[in-house]
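Input: a single structure, listed below in structure tokens.
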Amino acid sequence: MRRKLVAGNWKMNGSLAANALLLAEIKAEFGNAACDAAVCVPAPYLAQCQSLLAGGVVALGAQDVSMHEAGAYTGEVSAAMLLEFACRYVIVGHSERRAYFGETDELVAQKTARALSAGLIPIVCVGETLVQREAGQTDEIVGRQIDVVLSSIAENDLAKIVVAYEPVWAIGTGKTATPEMAQEVHAVLRKRLHEKNAQAATEVRILYGGSMKPDNAKELLAMPDIDGGLIGGAALKAADFLAIIRAG
């Protein structure tokens with residue numbers, strides 16, 4: 001039985017004061033939740049959040065990592081640096097990185113491999129746009145995206161990744177994917193993982209990242225192949241984030 005994971009993606013939000021308040025509220029109410037939880041925070045706040053989360057059960061994550069180990073790459077953050085701040089997770093290939101910063105499937109695969117080699121757990125994001133969905137290309141797009149990643153990692157590393165399905169068309173647009181629609185894509189992804197390593201495919205957690213909120217979390221998390229959520233806006237409100245965790 002896969003243990004659910006609810007990971008908050010703060011994106012480019014936060015402040016020292018707001019972060020302290022948010023994490024204090026989450027820690028006070030988290031208790032013995034039935035699922036794992038993590039917050040993926042902007043790089044400047046890693047030190048603060050490491051300190052605030054020390055000794056607790058909420059894990060720390062980053063929002064991106066360099067494909068390079070070290071060197072003359074101004075502005076980049078290496079996997080080794082993230083480890084020094086006790087990061088457990090790192091998001092790679094988020095739809096915003098792909099859309100706004102031109103990240104390719106190949107670059108996402110390289111970042112995934114780099115994270116794994118350092119001992120981080122990559123949360124590998126895949127997903128289709130509205131145009132692609134309406135053209136009936138969903139399976140093709142997410143299949144291609146995950147296949148490039150799978151071809152870049154060793155078979156025995158498969159169980160060490162987390163996958164997040166982000167229907168780009170359902171993020172901040174008012175459009176929503178039904179639990180059944182989301183499950184269909186998660187099942188496609190599970191099949192791809194199974195083709196790489198049948199045993200590991202049963203262990204990999206596939207998160208849903210399409211505007212999961214307190215009012216839809218329970219139905220989504222009840223689907224057989226939805227193993228948690230990658231939470232955007234709702235992760236910035238302690239009550240909403242905790243409600244999603246409790247739904248798991």
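Residue numbers start at 1 and run along the sequence shown.
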Note to self: Closer than 3.5 angstrom, by distance alone: can the side chain of Y208 be matched with the main-chain N or O of A182 as a donor-acceptor pair?
What the structure shows: no

Check: When you measure from the side chain of D36 to the backbone N and O of G228, does any donor-acceptor pair fall under 3.5 Å?
Finding: no

Check: Side-chain contact, heavy-atom cut-off 4.5 Å: L242 with R246?
Finding: yes

Next item on the list: Would you indicate whether E69, at its atom CD, is surrounded by more than 12 heavy atoms from other residues, nucleotides or ligands within a distance under 6.0 Å?
Entry: no

Check: Once you round to the nearest 0.5 Å, how far does CG of L23 lie from SG of C49?
Finding: 5.0 Å

Checklist line | Side-chain donor/acceptor of S211 to backbone N/O of A170, under 3.5 Å | finding: yes

Next item on the list: Kindly say whether D225 contributes a backbone atom to a donor-acceptor pair with the side chain of H186 at under 3.5 angstrom?
Entry: yes

Next item on the list: Give a yes or no on this: more than 12 heavy atoms of other residues, nucleotides or ligands lie within 6.0 Å of atom CD of E84.
Entry: no

Check: Heavy atoms, side chains only, cut-off 4.5 Å: are P42 and M12 in contact?
Finding: no

Next item on the list: Quick one: closest heavy-atom pair of V108 and G93, and the distance?
Entry: CG2-CA, 3.5 Å

Margin query: A side-chain contact here means heavy atoms from C-beta on lying under 4.5 Å apart; do I206 and L193 qualify?
Written below: yes

Check: So which heavy atom on N13 is nearest to which on Y45, and how close?
Finding: O-CE1, 4.2 Å

Item checked: Neighbour count above 12 (heavy atom, 6.0 Å) for E195 CD -> yes

Item checked: Over 12 non-hydrogen atoms of neighbours within 6.0 angstrom of CD in Q132 -> yes

Notebook entry, point to check: Could you walk me through whether W10 and L22 pass the side chain to side chain contact (heavy atoms under 4.5 Å, CB included) check?
Noted result: CA-CA 11 Å; W10 291 6; L22 176 60; 3.5 Å; yes

Notebook entry, point to check: Can you list the steps and then say if K191 with V188 is a side chain to side chain contact (heavy atoms under 4.5 Å, CB included)?
Noted result: CA-CA 5 Å; K191 182 179 178 183; V188 168; 5.8 Å; no

Next item on the list: Rounded to the nearest 0.5 Å, what's the gap from CZ on F85 to CG on L60? Could you check?
Entry: 10.0 Å

Checklist line | Side-chain donor/acceptor of R88 to backbone N/O of I121, under 3.5 Å | finding: no

Notebook entry, point to check: In this structure, which one of L130, T138, T129 forms a side chain to side chain contact (heavy atoms under 4.5 Å, CB included) with W169?
Noted result: L130

Check: Taking all non-hydrogen atoms of both residues, which atom of C40 and which atom of I91 are closest, and how far apart?
Finding: CB-CD1, 3.7 Å

Check: Quick one: do the E166 and H94 side chains pair a donor with an acceptor below 3.5 Å?
Finding: yes

Check: V163, V90: one ILVMFWY side-chain cluster at the under-4.5 Å cut-off?
Finding: yes

Notebook entry, point to check: Taking side chain as C-beta onward, heavy atoms only, is P214 less than 4.5 Å from I244?
Noted result: yes

Checklist line | Closest non-hydrogen atom pair, V92 against P122 | finding: CG2-CB, 4.1 Å

Item checked: Verify same cluster id: V41, L230 (apolar side-chain graph, 4.5 Å) -> no

Check: In terms of hydrophobic clustering (I, L, V, M, F, W, Y; side-chain heavy atoms under 4.5 Å; direct or indirect links), are M81 and I123 co-clustered?
Finding: no

Next item on the list: Might you point out which heavy atoms bring S95 and V168 nearest each other, and give the distance in Å?
Entry: CB-CG2, 3.7 Å

Margin query: If hydrophobic clusters are built by linking Ile, Leu, Val, Met, Phe, Trp and Tyr wherever their side-chain heavy atoms come under 4.5 Å apart, do M67 and L83 end up in the same one?
Written below: no

Note to self: For A238 versus I26, what's the shortest heavy-atom pair and its separation?
What the structure shows: CB-CG1, 4.1 Å

Item checked: Donor-acceptor pair, side chain of Q145 and main chain of V126, under 3.5 angstrom -> no

Margin query: Does anything in residues 154-165 form a side-chain hydrogen bond (donor to acceptor under 3.5 Å, both in side chains)? List the pairs, not counting sequence neighbours.
Written below: E128-Y165, D157-K160

Check: Among R97, R98, K11, whose salt bridge (charged side-chain N to carboxylate O under 4.0 Å, His left out) with D64 holds?
Finding: R97

Next item on the list: Find the distance between CG (L150) and CD1 (I161) and round it off to the nearest 0.5 Å.
Entry: 6.0 Å

Item checked: Distance, nearest 0.5 Å, that separates CG of L107 from OG1 of T112 -> 9.0 Å

Next item on the list: For residues K213 and D240, determine if any side-chain heavy atom of one lies less than 4.5 Å from a side-chain heavy atom of the other.
Entry: no

Margin query: If hydrophobic clusters are built by linking Ile, Leu, Val, Met, Phe, Trp and Tyr wherever their side-chain heavy atoms come under 4.5 Å apart, do V6 and V204 end up in the same one?
Written below: yes

Check: Roughly how far, to the nearest 0.5 Å, is CZ of R133 from CG of D139?
Finding: 8.5 Å

Which atom pairs, one a donor and one an acceptor, fall under 3.5 Å between side chains of residues 50-58 and the rest of the protein, sequence neighbours left out?
none

Next item on the list: Look at D147 together with K196 and state whether they make a salt bridge at an N to O cut-off of under 4.0 Å.
Entry: no

Notebook entry, point to check: Taking atom NZ of K218 and atom CG of L220, what is their separation to the nearest 0.5 Å?
Noted result: 12.0 Å

Checklist line | Pairwise side-chain contact, S66 with R114, heavy-atom cut-off 4.5 Å (strictly under) | finding: no

Next item on the list: Considering only NZ, NE, NH1 and NH2 on the basic side and carboxylate oxygens on the acidic side, decide whether D227 and R190 come within less than 4.0 Å.
Entry: yes

